[in-house]
Structure formats: C-alpha cells, structure tokens
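This report concerns only the one structure given below.
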Amino acid sequence: MSTTLPFLPGYSVGSPKSQSKSQTMRLVHGQSVVASSGGAGLPSAAEIDAQLSELSATLPKITYKTTNPRAAASAPKVLPAHVVFDKKVLCFDAYFKQTIHESTLEHYRVRYVKIYYYLEDDTISVLEPEVPNSGMPQGKLIKRQRLPKDELGNTWHWKDLNVGNDYLFYGKVFHTTRCDAFTEDYLTRQGVQVSPNEEAPADPYSTTRLMVDKPVTTYATPSDYDKYRQFLMMDRKVLRFYCVWDDRDMMFGELRPFIMHYYLVDDTLEVREVRESNSGRDPFPLLLRRQKVPRQFKSVPREFPTICMELKEEELADTLGPADLGVGQTVHVFGRPFLLYDCDEFTKEFYRRNFGVQDFIPVDVAQPKLAGPASAVPEHTGYGTHEDSLQSVLMLIPKPPKRDYLLKLLEFGNKSLRFSASLVSSKREDAGRRFILSYHIASDAISIFEPPQRNSGIIGGKFLEAQRVPVEGSNPSNPSFLSLADLAVGAKIKIHAHTFLLDDADDYVLSFMESHPTLFPPANIESVRERRKLPHTQLLARA
C-alpha cells in the first residue's frame, strides 16, 4: 500500500532547487576581473557603445514579462533608462515674481532661478543662485522630485518644457527665458521646436539698490599718469648717484664729494654731503633738502622770493627726471654743476630695464694726494714707558696705549718665570745683594724683587715695577724689548743701567721650557737643565 502525503507546505519531498546566481567576476591576485567562462558575463565596452549609439535616436520602453519564452528570447536586449540618460540634464533659465506686502516702496521682486530636468528618472529641481545683500533665503527652492502637473496625477515631462512658457510648481509660476546648448540640441533631435531666447525683466529692488551703492560722483583716472599708482609701485625706490662738485675755478674752491638721491615716488631730488675727516667743515648732512629741481633754473623769475617761498607747480613745470641723470653726465642743480661719476646696483638695474643702458663705467675723479712733510718721532725722554710717551706725540689728548696680548693672556694666564739674580757692580756694598727676577709671559714684562737681608744696610722690597724693558743699544724711536729668548742661567741682562747675572732658576722654569721648546733657544734650556742637576751643596758654594 503506497502512502501518499498531502500536498501541504512541509510535506513535499524532493531536492531543493539551487537559487544561486552565476558569478560574472572572479578574484585574481586580490583584484576582481571578468570571468572568462561560466555565465553570460557583463557586456564589453564596445558592446555598450554599440547599444548606446543604436538607442540614441529611440526612447527606452518598459519591457514587461511575457508568457511566451520564444518571444522573450527573440526580443532585442536594451539598456535601462538610468544607464542611457545618466548625468544628462536639461537646464532652463527662468524667473518668478514674488509679491511684497511689507514695504510701501516696492510691490514685487523678480527672482531668477534655474530649472534642472533629469532625463534618467524624469525628476525636476529648482535652484536660485545666491544674490548678495538680498535679505532672502536662497539656494535650493524645490528639491529633486517628480512635480505634479494636474489633479489627475500626471507629472511634468521633458516634452512639456520649452522656452517662453509658464509652469506652475507648487503655487509658483515660473517663466522660462532661455536654455543651454545641450538642452536645445536634445529637444531639436526629438522633434521639438525650441522657441527663441527671451530677456528676463529687471528686478526693481536690485536696480534701486545699485543706484544707492554706486557713488554719485565718479572720477576717471588718466591712463598715462596716476600718482597713486606711482606711489604704490615706486615707494621706497631711490636712485643713488655718487657725484662731485668741482668748484676749483673759484677762489679757495675744491673738488667736494656728494651723494645725490632721486626719489621715484614723487620725482624729488636731494644732495647729501659726504663727511671727510679733518676737512675743517661742520658736519652738515644736507646740501639740498628733498624737493623738485627745475631743469632750467634761470627760467624762474628773478624777483621770485625763493628764500621764503617754495616753488609751485606753475614754476616747476619742467623738472629733472631719471632721463636727465646718468653716469658721466653733469647735472646743474640750482646753478651748481655736479658730475655723476658712479651709482649703486639698484640704479644700474633700473636703467637697464627702463632705458636700455648697459655702459656704467665709473669716471675717475680721484685727486693725486700731495706728500706732506714727514713728522719725526722725538726720542724718548725717559719718563714713563715708550708707549705712553708715544701717545702724546700721536694725539693731543693722550690715551692709554692699546696692546694686543689677549691671545697670550688666554694661553698663559698669570704664569711667570722666576730667576735668581745678582747685581754686577764694582761697589762693595752691592756685592752680597740678591734679587728675584720674574718674567711675566703674557705681557712680556719684567719685575725685580730684592729680599730683605738683616744687617745689610739696604732696605729690601720691590726693586723694579713690572714693565717691558728695552734692549740696550736698540733704537729709541722703535725699541726692541727683552723676551724669553734672552733668559738663560749665566746670562747677563742690563736693565736701566744695572747689570744682573742670572745664576739660578726654579723647577717650574725648567718644566715650562721643556714643555714649550719653540719659545727658547736650545742653549737656554740646556743651561737651566745643567744648573738644576747640580747638588744643593754646590749651589750654595757658587752662591
């Protein structure tokens, strides 16, 4: 007996039908590519272009499913409307009038808008361009949607749109005035005769506001000359010339250097004096203050009181300009001839760019200097040091001499070399006198100290203040002084008519000589080394 199940949901037996769709893309190296086999796949770019060109002259139609499979298979494949008309929009310029109830000065305003019709879904949007100071919210008036045409539910279609017609959108009447080139070409290809463009009426409020914002009096600036433009372009730009005033034809005249400045911002000129040392003149900075200089000074009336009045535009009709200046030219400034012999780099670049001048060879105006009598330096009187006495010869008010021993001071600091010395003299009372001679390395100064001895009859203490000691027999005008090369054990040094015999040195002298062998002759180092090797008893016996 066969068992039959009722034909109810959940009681049917059979293999489920696969609902999956064939894949048209596959993954290759992380990138999606069109599958080469399996499924129909997407149409190629060439096929899409062919279908678009075929459907360019026909409108797409909604295709309904048919019960006849053969008719469906034989029907041609067409692209949907959202593919064919993607990013294709018809654009119309329009306006509408808005009634004004709040103001007595105006009754309505004309508001200009743009109507966009999207062919892919038959939607319309209305946008109003922003107008400054309009006082109204502007921008998107009607968002993109299908706009109703009548009470029957019909919507506006592109076949209803044309130039010069009125369209009612949500209670506002929009009048189209013109369309763009794409819209005109599309409607013409569809068999619609496009009306000619119209001029939109002027907005009364905008016209009134334009008259208020526009100034009543207007000035037309001449194109050939504009002093305000000259100020903006030439401010802080100055031509600098180096010149001389040759006044040697007059009694007590001379060749005096000056600097001439020409200000491009207002065409004024000034002459500044170059101060020279020991010229005998007061330091006046300006010979001629900044002003406009007439090209022909004699054209000014003789009776004009220039001492108390300035020249006006009538008297300064013809003034000096950049074309009158140049290297090698002579410029007459109020009757005084100035020879321009050189200029700076900015002036050279200005003349290259504006006048095409390339030759800027400076004129040689140097005068041969007369050799004056040589002043002889008098001999040193013996009072003070040679440097101090020389300052009274070089200047009227002597100043302390400047010595350049900063490098030696940084290297050696306050280091000094001490030697034991005795006085070489024929006097009996000087036979037993002992001295300590200190040589200061940084300043090359020598100081002598005499230790006090009991019952010697001589008061000990400072014998010589630290100072540079000239070598005996050197030129008094340019003497040479005792240096490190003159210091050695057994050497005799004559200091201010006193002869000292250096018979010993301390341990630091030997270590300093060995660490700085380039400052001492080898014999000096050897004499100190031999002296320090002797035993203490022999040193006492020699002393």
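Just so it is clear, the model here is predicted, and its values are computed rather than measured.
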Contacts of R433 that satisfy side-chain hydrogen bond (donor to acceptor under 3.5 Å, both in side chains) - sequence neighbours left out: D430, E450
Taking every non-hydrogen atom, the tightest pair across N354 and F350: ND2-O, 2.8 Å
Minimal non-hydrogen separation, T499 against K492, with atom names: CG2-CB, 4.2 Å
More than 12 heavy atoms of other groups within 6.0 Å of I361 CD1: no
L339 CG to D246 CG distance, which is reported to the nearest 0.5 Å: 8.5 Å
Within 6.0 Å of CZ in R353, more than 12 heavy atoms from elsewhere: yes
Least distance between heavy atoms, L502 atom then A421 atom: CD2-CB, 3.8 Å
Minimum heavy-atom distance R289-L286, with the two atoms named: CA-CD1, 4.2 Å
Within 6.0 angstrom of N414 CG, more than 12 heavy atoms from elsewhere: no
Mutual orientation of the aromatic rings belonging to W245 and F258 [parallel < 30°, tilted 30-60°, perpendicular > 60°]: tilted
Heavy-atom side-chain proximity of R256 to D247 below 4.5 angstrom: no
R229 atom CZ, neighbour heavy-atom count above 12 within 6.0 Å: no
Donor on one side chain, acceptor on other, D344 and T347, under 3.5 Å: yes
Check: F338 and F241 side chains under 4.5 Å, non-hydrogen atoms: no
Aromatic contact, F512 with H516 (centres under 6.0 Å): yes
Proximity of F500 and F463 rings by center, below 6.0 Å: yes
Side chains of R531 and D504 in contact at under 4.5 Å (non-hydrogen atoms): yes
Within 6.0 angstrom of R275 CZ, more than 12 heavy atoms from elsewhere: no
Flag side-chain contact, heavy atom, 4.5 Å: E270 against Y263: yes
Note, F481 side chain near I446 side chain (heavy atom, < 4.5 Å): no
K415 atom NZ: more than 12 heavy-atom contacts under 6.0 Å: yes
Geometric class of the Y118/Y116 ring pair [parallel <30°, tilted 30-60°, perpendicular >60°]: tilted
E429 atom CD: more than 12 heavy-atom contacts under 6.0 Å: yes
Ion pair D266/R290, N-O distance below 4.0 Å: yes
Note, C343 side chain near F360 side chain (heavy atom, < 4.5 Å): yes
Audit row: K408, E411, salt bridge (Lys or Arg N to Asp or Glu O under 4.0 Å) steps and yes/no: CA-CA 5 Å; K408 296 179 66 176; E411 182 178 0; over 6 Å; no
D324 side chain to G321 backbone, donor-acceptor under 3.5 Å: yes
D503 with R434: basic N within carboxylate O range, under 4.0 Å: yes
Passing option when R529 is tested against V489, L510, N524 for side-chain contact (heavy atoms from CB on, under 4.5 Å): L510
Note, V293 side chain near L288 side chain (heavy atom, < 4.5 Å): yes
Atom CD1 of I459: over 12 foreign heavy atoms under 6.0 Å: no
